[in-house]
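Let me begin by presenting the structure, written as structure tokens, before commenting on it.
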Amino acid sequence: PLREPFAIALSNGLHYQELIQTKEFLVDDNRYFQDELRKTVGEEIIGADYGLKGVMDLVRQVSRQDSAVLLLGDTGTGKELIAGAIHSYSKRASGPMVKMNCGAISPSLIDTELFGHEKGSFTGAVAMKRGRFERAHQGTLFLDEIGELPAEAQTRLLRVLQEKEIERVGAHKPLHVNVRVIAATHRNLEEMVGQNTFRKDLYYRLMVFPIVVPTLAQRKGDIPALAQYLIRKKVRQMNIGFTPILSQKGLQKLQGYHWPGNVRELENAIEREIILCRGKPLDFGNLSINSVHS
């Protein structure tokens, strides 16, 4: 006579545990995505109608599909913003966009960052952790600096792309994931394939739709709009209470410089000039004259 009440109590207990876990997942996701949102709010693509028009045309075309995209270009050209545009134009826009810089994570931590781990799966794993693939379910995973991914992780990434399944470290059953992957690199992956440092099959899996993002030197016509946007951005971030004027001489210097560090270097130069100008017009007198091209 006690069997049925015990069964009901056990079932209710399991349902309660599932609800608690679901609640913890939602709280965890909310915290994670709020952090990501704070990093990207206010970012916009300057030059979408000019120097980046060809790139944005490709972005709009591929966004409608679920194809893998490989963004190629120098460091600091804005590949992360282009990845964000692909996601926002896609049918996955209401889902998460999760990012990971493959070159910024220790090789020993790559697996747990990508695929997560179970509690107790290794020393220090005091709780279950979901990886980037699991967090990106129904959305987009942006893998920056994909050329830095270790060989073993390349093999496991290929398996996920082929089978749409992951396994947390220490788990005994796979989890289905529905994720679109956008990868980016400043390295020559074709050359790396020839040197056997990047898997050929993974290369072709990622190369479905390559987009080359031009350097700032290749789109100097965007510099006036970029400079004004970055000045406003830095004024907000630095909370200085006024917006300095960009002098004509300063603009000419910006357009004459070759910008080996691309948009990132321009942003740093503007921040430095705002600090030095003390309310005067920005003329970039400290921009290296030896680096200026006519």
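The residues of the chain are indexed from 1 along the displayed sequence.
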Compare all side-chain heavy atoms of [X] with those of [Y] and state whether any distance is below 4.5 angstrom.
| X | Y | result |
| --- | --- | --- |
| Tyr50 | Arg219 | no |
| Ile211 | Leu70 | no |
| Met100 | Phe142 | no |
| Arg205 | Leu157 | no |
| Leu266 | Leu230 | yes |
| Ile110 | Pro150 | yes |
| Ile146 | Leu189 | yes |
| Arg180 | Ser90 | yes |

Show the nearest heavy-atom pair for residues [X] and [Y], with the distance to one decimal.
| X | Y | value |
| --- | --- | --- |
| Ile105 | Arg132 | CD1-NH2, 4.3 Å |
| Leu141 | Val179 | CB-CG1, 3.6 Å |
| Lys253 | Phe284 | CD-O, 3.1 Å |
| Gly147 | Thr185 | N-OG1, 3.9 Å |

Would you mind checking if [Y] and [X] are paired as a salt bridge, meaning a charged N to carboxylate O distance below 4.0 Å?
| X | Y | result |
| --- | --- | --- |
| Lys173 | Glu167 | no |
| Glu145 | Arg187 | no |
| Asp144 | Lys99 | no |
| Asp57 | Lys53 | yes |
| Arg168 | Glu134 | yes |

Checking [X] side chain against [Y] main chain: does a donor-acceptor pair fall under 3.5 Å?
| X | Y | value |
| --- | --- | --- |
| Lys129 | Glu113 | no |
| Lys79 | Gly73 | yes |
| Gln154 | Leu202 | no |
| Thr77 | Thr215 | no |
| Asp283 | Gly285 | yes |
| His87 | Gly95 | yes |
| Thr197 | Met192 | yes |
| Thr112 | Leu109 | no |
| Asp222 | Gly51 | yes |

*Do Lys249 and Gln252 have side-chain atoms, one donor and one acceptor, less than 3.5 Å apart?*
no
*How about Arg199 and Thr155: does a side-chain donor come under 3.5 Å of a side-chain acceptor?*
yes
Would you say [X] has more than 12 foreign heavy atoms packed within less than 6.0 Å of its [atom1]?
| X | atom1 | result |
| --- | --- | --- |
| Ile275 | CD1 | yes |
| Phe122 | CZ | yes |
| Gln162 | CD | yes |
| His172 | NE2 | no |

In one Ile/Leu/Val/Met/Phe/Trp/Tyr side-chain cluster, 4.5 Å: [X], [Y]:
| X | Y | result |
| --- | --- | --- |
| Met97 | Val62 | yes |
| Leu282 | Ile245 | no |
| Met207 | Val212 | yes |

*What orientation do Phe115 and Phe133 show, parallel under 30°, tilted 30 to 60°, or perpendicular over 60°?*
parallel
_side-chain contact (heavy atoms from CB on, under 4.5 Å), that's the test. Do Val69 and Leu71 meet it? Break it down for me._
CA-CA 6 Å; Val69 179; Leu71 301 176; 3.9 Å; yes
*What do the steps show when you test Met128 against His117 for side-chain contact (heavy atoms from CB on, under 4.5 Å), and what is the final call?*
CA-CA 6 Å; Met128 186 275 287; His117 63 247; 5.9 Å; no
_As a quick check of understanding, evaluate side-chain contact (heavy atoms from CB on, under 4.5 Å) for Glu273 and Glu271, giving each step before the final call._
CA-CA 6 Å; Glu273 190 67 15; Glu271 180 173 348; over 6 Å; no
*asked:* Measuring from atom OH of Tyr204 to atom CD of Glu190, what distance do you get when rounded to the nearest 0.5 angstrom?
replied: 6.5 Å
*Would you check, one step at a time, whether the test side-chain contact (heavy atoms from CB on, under 4.5 Å) holds for Trp259 with Leu254?*
CA-CA 9 Å; Trp259 300 111; Leu254 294 183; 3.5 Å; yes
